[in-house]
Amino acid sequence: AGCRLSSKRNVCSSPSRLQSSMQAWVIDQYGTNGVLRYTEEISIPTINFASEVMIKVNAASLNPLDVSMRGGYGATLLNIRRDPSSLMGNYNEFPLILGRDLSGVVVDCGSGVTHFSPGDEVWAAIPPWKQGSLAEFVTLTEYEVSHKPKSLSHIEAASIPYVASTALSALVNAGGLCRENSSNKRVLITGASGGVGTFSIQLLKAWGAHVTVTCSQNAEGLVRGLGADEVVDYTAGDAVEKLEMMGKFDVILDNVGGDSEQWAVGLLKPWSGAKYVTLVSPLLLNTDSMGLLDGAFHAGFTLHNKAIQNILSSGIFYRWAFYAPDGFVLDEVSKLVDAGKILPVVEAQFPFTQVPQAFQKFEHGHARGKTVVRVA
Ligand code: NDP
């Protein structure tokens, strides 16, 4: 049955019929932290399609993508996804709302919505081409939304969706891992102390994998507490030698990129279907600097060359992975969270009035889990 639009409206703080604008943090141009602007005059994102749900946001969290997008990263490709006519050069994406994670409450549903009703507590990872969660309200299709784990507060829940969607896309679609086949697998996670890493450790341990990680020495307690079996301090100078002395890996999830690609591939089991999966690819940087066609072609050429080189020399599958929006994936994560197998890792919380301070903290780097913003 579709949602009933009227009965619970007041119960779950939907916008009153007179309210047409909302509070949000927006940017009107790309740049550093100074471009973030608080406003109460952004139009409320009303429901335009039968499959859409409107959500009142309780909490949001920050990802590296927010800092990058604030500076214009990915604008070429994302604008085409927002409006294909942007190819003609007359599209204006501003004011743009950042923030990819949300935890909140459904306040309104399109006539075709079947899984949600007003008043439902939900969480979601918002695709980067849509308006983000640093705002009072967000509208998404019901396929992008999932019921929030009952055991978590909104603050805790907001720390998970984007990193979970990314980690699952990387580990399952690119890495070929799943609950059924992971128990005899050795997996290495680089950059394990951040958002994607802290989630991935827990997911892989829930699936029974053996997990080795790299992180700074002062993050060892955190990653071991989340289940990491072996921990290598990448700042110590002999990290690669230490990793080489361990058994070879079936899958590497690389959250760091750059130099790590040079040595990581050699740590995989040759000729066994092992996979190197990196979340750090040049695709969007290429399309930003070279334009859509040249940039996509250049990135495709790079990927193709590396994939061929690795498969021919050692039988290793070389892959780039990307966040993929999927409410059904979050339904599965929700079960693991409510079963106590995955814990939220909230490092810092900021009130909605301090979004620039939250960005400042996040931009400083050295994340230990997630930075969350209390929106309501
Ligand atoms: P975070 O900022 O939350 O975490 C990064 C972590 O890496 C920090 O804990 C940092 O701590 C650690 N780190 C930095 N340098 C190294 C190193 N050389 N070796 C080991 N650890 C290191 O980022 P996320 O976890 O959210 O994302 C990870 C990466 O994945 C980012 O580059 C992000 O842009 C990318 N990403 C890509 C997506 C895609 O669709 N392709 C989607 C989501 C993320 P410290 O510096 O103290 O060691």
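Whatever order the structure lists ligands and atoms in, that order sets their numbers, starting from 1. Atom set for the values below is all heavy atoms of this structure, side chains included, hydrogens, waters and symmetry mates excluded. Just so it is clear, the structure is predicted and the values come from calculations on it, not from any experiment.
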Have a look at V67, L284, L279 and point out the one with the heavy atom closest to atom 37 (C) of ligand 1. L279
For R368 and N218, test the side chains for any donor-to-acceptor distance below 3.5 angstrom and give the result as yes or no. yes
Shared hydrophobic cluster for L253 and V333 (ILVMFWY, side-chain gaps under 4.5 Å): yes
Test of understanding: given a 4.0 Å heavy-atom threshold, classify the contact between Y323 and ligand 1 as side chain, backbone, both, or neither. both
Consider ligand 1: state whether an atom of it lies below 4.0 angstrom from any non-hydrogen atom of G258. no
Heavy atom of the protein closest to atom 21 (N) of ligand 1 (residue, atom name, distance): G191 CA, 3.1 Å
Taking distance alone, with no angle check, do V196 and ligand 1 share an N/O pair under 3.5 Å? yes
Do me a favour and list the nearest non-hydrogen protein atom to atom 13 (N) of ligand 1 with residue, atom name and distance? Y234 OH, 4.0 Å
Does only the side chain of Y162 get under 4.0 Å from ligand 1, or the backbone, or both, or neither? Count heavy atoms. side chain
Need the ligand 1 atom indices (1-based, order shown) with element for anything under 4.0 Å from a heavy-atom of F322. 39 (C), 40 (O), 41 (N)
Does V122 share a hydrophobic cluster with V373, counting links as ILVMFWY side-chain heavy atoms below 4.5 Å and allowing steps through other members? yes
What part of A367 sits under 4.0 Å from ligand 1 if we count only heavy atoms: the side chain, the backbone, both or neither? both
Donor on one side chain, acceptor on other, N58 and S103, under 3.5 Å: no
So is S216 polar-close to ligand 1, meaning N/O to N/O under 3.5 Å? yes
I would like to know whether Y30 and F94 meet ring pair (Phe, Tyr, Trp, His ring centres under 6.0 Å); could you show each step before the answer? CA-CA 9 Å; Y30 296 120; F94 302 115; 4.9 Å; yes
Counting only heavy atoms not in H298 (residues, nucleotides, ligands), do more than 12 fall under 6.0 Å from its NE2? no
Checking salt bridge (charged side-chain N to carboxylate O under 4.0 Å, His left out) against D250, which of K185, K269, R186, K275 comes through? K269
Give the residue and atom name of whichever protein heavy atom lies nearest to atom 23 (O) of ligand 1, and the separation in Å to one decimal. P64 CG, 3.3 Å
Do any nitrogen or oxygen atoms of R368 come within less than 3.5 Å of a nitrogen or oxygen of ligand 1? yes
For L152, run the side-chain contact (heavy atoms from CB on, under 4.5 Å) check against I342, L343, I160, D338 and tell me which one passes. I160
Nearest-neighbour protein heavy atom for atom 43 (C) of ligand 1, which is reported as residue plus atom name and distance: T166 CG2, 3.6 Å
Is a donor from one side chain sitting under 3.5 angstrom from an acceptor on the other, for Y318 and Q309? no
Among all protein heavy atoms, pick out the one at the shortest distance from atom 45 (P) of ligand 1; state its residue, atom name and that distance to 0.1 Å. H366 ND1, 3.3 Å
May I ask you to check whether G195 has an N/O atom sitting below 3.5 Å from an N/O atom of ligand 1? yes
Is the H364 ring parallel, tilted or perpendicular to the H366 ring (thresholds 30°, 60°)? perpendicular
In terms of residue, atom name and distance, what is the protein heavy atom nearest to atom 10 (C) of ligand 1? S193 OG, 4.0 Å
Protein residue, atom and distance nearest to atom 28 (C) of ligand 1, heavy-atom basis: N255 O, 3.6 Å
Any side-chain donor near an acceptor of the partner, E93 and N79, under 3.5 Å: yes
Test of understanding: given a 4.0 Å heavy-atom threshold, classify the contact between S169 and ligand 1 as side chain, backbone, both, or neither. neither
Can you pull out the closest protein heavy atom to atom 5 (C) of ligand 1? Residue, atom name and distance to 0.1 Å, please. G194 CA, 4.1 Å
